[in-house]
Amino acid sequence: MTTTSTTIKKLHHDIDVLRKKMISVGKRKGLSHPETLMYSEELDKLIYRVQRSKFIL
């Protein structure tokens with residue numbers, strides 16, 4: 001496995017973990033709660049990194 005594919009694989013794992021946290025917090029505290037929004041923003045950044053890496057390959 002190349003370094004790039006390893007990095008992308010880790011990003012996908014991190015996205016899955018963060019998505020689960022965001023959903024859990026969203027259910028408990030609401031979708032507009034600052035903590036939910038923080039996870040959403042972090043998730044957007046990770047997804048953007050994966051999408052950008054596909055254009056670089």
Side-chain angles (χ1 to χ4, degrees):
M1 207 178 290
T2 66
T3 304
T4 304
S5 63
T6 303
T7 301
I8 292 173
K9 191 172 185 177
K10 180 174 179 349
L11 283 171
H12 280 285
H13 175 287
D14 293 347
I15 287 169
D16 288 339
V17 170
L18 198 53
R19 183 180 288 129
K20 288 174 184 174
K21 285 182 183 179
M22 182 187 70
I23 290 169
S24 176
V25 170
K27 285 180 178 179
R28 284 184 287 119
K29 298 182 178 182
L31 298 178
S32 60
H33 189 275
E35 188 176 356
T36 306
L37 297 176
M38 177 197 68
Y39 285 129
S40 177
E41 289 173 6
E42 290 300 314
L43 192 55
D44 287 345
K45 290 175 188 175
L46 292 178
I47 291 169
Y48 176 74
R49 286 180 61 192
V50 170
Q51 290 173 338
R52 191 178 64 190
S53 70
K54 290 180 181 179
F55 290 112
I56 294 172
L57 295 176

To the nearest 0.5 Å, how far apart are CG in D14 and CG in L43? 10.5 Å
Should M38 and L46 be counted in the same cluster of Ile, Leu, Val, Met, Phe, Trp and Tyr side chains packed under 4.5 Å apart? yes
Thinking salt bridges, do D16 and K20 make one under a 4.0 Å N-O criterion? no
Donor-acceptor pair, side chain of T36 and main chain of G30, under 3.5 angstrom: yes
Please round to the nearest 0.5 Å and tell me the distance separating atom NZ of K10 and atom OG of S5. 14.5 Å
Determine, using the 4.5 Å side-chain heavy-atom cutoff (strictly less than), whether I47 and L37 are members of one ILVMFWY cluster. no
Quick check on the hydrophobic clustering: are L11 and L18 connected, directly or via other members, by side-chain heavy-atom contacts under 4.5 Å? yes
Could you note down all residue pairs passing side chain to side chain donor-acceptor pair (under 3.5 Å) where residues 21-34 supplies at least one of them, sequence neighbours left out? K29-E35
